[in-house]
Amino acid sequence: MEQKNKILQIFNLEFEPYIEELKIGDYIFKRIKNYKDAFDGMMCLVNSFGSEFNTTIKVGSHQITAEVGIPENEKKCVLPFGDDKLTQLDDILFLLTIFTDRNVFKKDWEDSENIAIISDHRIHQYGGQLGCSIQYESRWKNINTGKLKTEIEMKDIPVFDYHQINVGFENTINKVLNLISSEKWQNEYEGGYFLFLFKSAMQRQIIETAFISCWTIWEHIFAIKNRKWLDNTAIEQMSGDKKIAFILNEYFLKNIDDTSRKNIQRINKTRNRLIHFGKKTEQIDYKEMEMFIRLTEQLIAIILELSPSNIFNSFEALDNFLTCKKK
């Protein structure tokens, strides 16, 4: 008798409208039968109408929204979780978490076990620009057959029997999964540990702790990119503003002049003030701190070889910050 593959339930995976399943890596994620009820039970921050499901503002809770089949021979995870038992599924769930702004995880315990879920069910505080960096790719799905057609194939065909869907989400997650699994990327970014720092920074928290976490990411990436010619002592002793200037030049292609450097030093003083005294300086306002967090979202998108979204106008805010002249 043929043995069926193991099926795991997945919490909090929100599917794109009219998308019934996702093929990511070696796994196929499928909506559960009562997906609408589960979708309605998750946290929502807006009232909306006109998509597949209407939404209303609610606190919500964790919901099992999907099932995934486990292949016989699973690949090992590539991200540095520190657990040899984890697989590619854990890499995928991690990517789904940082791209969908919800903590997506598997139910790997029996119903008979008394488990307290400690993961936060709330939509993340930050991370929106990374999620919006997913490339939109339109297809038309036949309501009756489920078959897909491109925009060109739909020319002169009535759309009454079709739903327009976005296949770009699945394609982008697969692209990023292949990237972080490559030997070149793994070597260049030392396994990608900074992605764990990013996930932590995007969770719901006060802006001060999110800012400090994002600063740590920038310094971490600076160390990775300069480790070949700077030893640990030199990296530790280098001032933070020089490290931030390096990232802005390396990834955002900004030329750092005297005015820019003074403004970077201002935000570096805020970092130092927070570390040593727990409060920001008056020289930096909360909008500038949020700008830095939003730039971190774009930095991660760039490192994952995506075209970063600018939905919060972070690029313009950065230009204004670097060129402003304060006493």
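All values reported here derive from a predicted model rather than from experimental measurement.
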- Note on the structure: In this structure, OG1 of Thr259 is separated from CG of Leu322 (nearest 0.5 Å) by 9.5 Å
- Task: Decide yes or no for Glu16 and Glu170: does some side-chain heavy atom of the first lie under 4.5 Å from some side-chain heavy atom of the second?
- Result: no
- Query: Would you say the side-chain atoms of Thr65 pair up with the backbone N or O of Phe11, donor to acceptor, closer than 3.5 Å?
  - Reply: no
- With a 3.5 Å cut-off and no angle check, do the side chains of Ser200 and Ser213 form a donor-acceptor pair? no
- Message: Quick one, Glu250 and Phe222 - any side-chain contact, counting heavy atoms below 4.5 Å?
- Response: no
- Look only at the side chain of His121 and the backbone of Val59, and say whether a donor-acceptor pair between them is shorter than 3.5 Å. yes
- Query: If you round to the nearest 0.5 Å, how far is CE of Met42 from CD1 of Ile123?
  - Reply: 8.0 Å
- Task: Output yes when Asp241 and Arg266 qualify as a salt bridge under the 4.0 Å nitrogen-oxygen rule, no when they do not.
- Result: no
- Do you reckon Ile293 sits in the same ILVMFWY cluster as Ile302, going by side-chain contacts under 4.5 Å, direct or chained? yes
- Query: Does a side-chain heavy-atom distance below 4.5 Å link Tyr189 with Ile180?
  - Reply: no
- Measure the CD1-CD1 distance between Ile247 and Ile256 for me, rounded to the nearest 0.5 Å. 11.0 Å
- Message: Parallel, tilted or perpendicular, judged at 30° and 60°: which one describes the rings of His220 and Phe194?
- Response: tilted
- Approximate separation, where rounding is to 0.5 Å, of Ile267 CD1 and Glu288 CD: 6.5 Å
- Query: Angle class for the His62/Phe105 ring planes (parallel below 30°, perpendicular above 60°, tilted otherwise)?
  - Reply: perpendicular
- Query: Could you walk me through whether Leu93 and Phe29 pass the side-chain contact (heavy atoms from CB on, under 4.5 Å) check?
  - Reply: CA-CA 11 Å; Leu93 296 177; Phe29 298 82; 4.1 Å; yes
- Where do Ile32 and Asn34 come nearest, in terms of heavy atoms and distance? CD1-OD1, 2.9 Å
- Query: Any sub-3.5 Å donor-acceptor pair from Thr55's side-chain atoms to Ser48's backbone N or O?
  - Reply: yes
- Message: If hydrophobic clusters are built by linking Ile, Leu, Val, Met, Phe, Trp and Tyr wherever their side-chain heavy atoms come under 4.5 Å apart, do Leu130 and Phe312 end up in the same one?
- Response: no
- Salt-bridge criterion met for Asp26 and Lys75 (N-O under 4.0 Å): yes
- Task: Over 60° means perpendicular and under 30° means parallel, so classify the ring planes of Tyr35 and Phe53, tilted if in between.
- Result: tilted
- Message: With heavy-atom distances below 4.5 Å as the criterion, would you say the side chains of Leu295 and Leu318 are in contact?
- Response: yes
- Output yes when a side-chain donor or acceptor of Thr100 lies under 3.5 Å from a complementary backbone atom of Leu96, and no otherwise. yes
- Item | Whether Glu52 side chain and Tyr18 backbone form a donor-acceptor pair below 3.5 Å | yes
- Main-chain N/O of Thr56 paired to Lys58 side chain as donor or acceptor, under 3.5 Å: yes
- Backbone N/O of Lys76 and side chain of Thr87: donor-acceptor pair under 3.5 Å: no
- Message: Between Glu190 and Arg227 (salt bridge meaning N to carboxylate O under 4.0 Å), is one present in this structure?
- Response: yes
- Using the ring-ring contact (aromatic ring centres under 6.0 Å, His included) rule, take Phe292 and Trp218 through it: C-alpha gap first, then chi angles, then the decisive distance, then the call. CA-CA 10 Å; Phe292 188 78; Trp218 287 51; 4.5 Å; yes
- Are side-chain heavy atoms of Val104 and Glu14 found at a separation under 4.5 Å? no
- Message: Looking only at side-chain N and O atoms, does Gln129 offer a donor or acceptor that is under 3.5 Å from a partner on Ser314?
- Response: yes
- Atom NZ in Lys269, atom CG in Asn272: separation rounded to 0.5 Å? 9.5 Å
- Please say whether more than 12 non-hydrogen atoms of neighbouring residues, nucleotides or ligands are located less than 6.0 Å from CG in Asn255. no
- Item | Gln135 atom CD: more than 12 heavy-atom contacts under 6.0 Å | no
- Report the C-alpha distance between Asp101 and Tyr126 in whole Å, list the side-chain angles of each, state the deciding distance to 0.1 Å, and finish with yes or no for side-chain contact (heavy atoms from CB on, under 4.5 Å). CA-CA 8 Å; Asp101 295 336; Tyr126 303 104; over 6 Å; no
- Message: Under a 3.5 Å distance rule, please check whether Asp161 uses its side chain to pair with a backbone N or O of Ile143 as donor and acceptor.
- Response: no
- Query: Is it true that Phe196 and Phe81 have ring centroids separated by less than 6.0 Å?
  - Reply: yes
- Query: Is there a donor in the side chain of His124 and an acceptor in the side chain of Asn103, or the other way round, less than 3.5 Å apart?
  - Reply: yes
- Applying the 4.5 Å side-chain criterion to the ILVMFWY set and letting contacts propagate, would Ile275 and Ile235 be lumped into a single cluster? yes
- Query: Going by atom types alone, do Ser260 and Asn263 pair a side-chain donor with an acceptor below 3.5 Å?
  - Reply: no
- Could you tell me whether the side chain of Asp231 and the main chain of Ala234 form a donor-acceptor pair under 3.5 Å? yes
- Query: Mind checking what makes salt bridge (Lys or Arg N to Asp or Glu O under 4.0 Å) contact with Glu219, not counting sequence neighbours?
  - Reply: Lys243
- Query: Do the non-hydrogen side-chain atoms of Val78 and Gln186 ever get within less than 4.5 Å of each other?
  - Reply: yes
- Would you say the side chains of Gln298 and Thr296 form a donor-acceptor pair under 3.5 Å? no
- Item | Between CG on residue Asn54 and CZ on residue Phe49, distance to nearest 0.5 Å | 5.5 Å
- Sorted by first residue and then second, give each side chain to side chain donor-acceptor pair (under 3.5 Å) pair with at least one member in residues 171-182; sequence neighbours left out. Glu137-Asn171
- Do Ile70 and Leu8 have side-chain heavy atoms sitting under 4.5 Å apart? yes
- Should we count CG of Asn144 as having more than 12 external heavy atoms under 6.0 Å? yes
- Task: May I ask you to decide if Tyr136's main-chain N or O and Asn166's side chain share a donor-acceptor pair within less than 3.5 Å?
- Result: no
- Message: Can you confirm whether Lys254 is buried at NZ, in the sense that more than 12 heavy atoms of other residues, nucleotides or ligands lie under 6.0 Å from that atom?
- Response: yes
- Message: Using side-chain heavy atoms (C-beta onward) and a distance below 4.5 Å, is Thr150 in contact with Trp140?
- Response: no
- Cluster overlap Ile7 with Val68, hydrophobic side-chain contacts below 4.5 Å: no
- Query: With the 4.5 Å side-chain cut-off for hydrophobic clustering, are Ile19 and Tyr162 part of the same group?
  - Reply: no
- Could you verify whether a donor N or O on one side chain and an acceptor N or O on the other, from Gln164 and Glu151, lie under 3.5 Å apart? yes
- Message: Whether Arg122 and Asp120 form a salt bridge (side-chain N of Lys/Arg under 4.0 Å from carboxylate O of Asp/Glu) is what I want to check.
- Response: yes
- Sorted by first residue and then second, give each side chain to side chain donor-acceptor pair (under 3.5 Å) pair with at least one member in residues 37-47; sequence neighbours left out. Lys36-Asp40
- Task: Would you mind checking if Glu290 and Lys287 are paired as a salt bridge, meaning a charged N to carboxylate O distance below 4.0 Å?
- Result: no
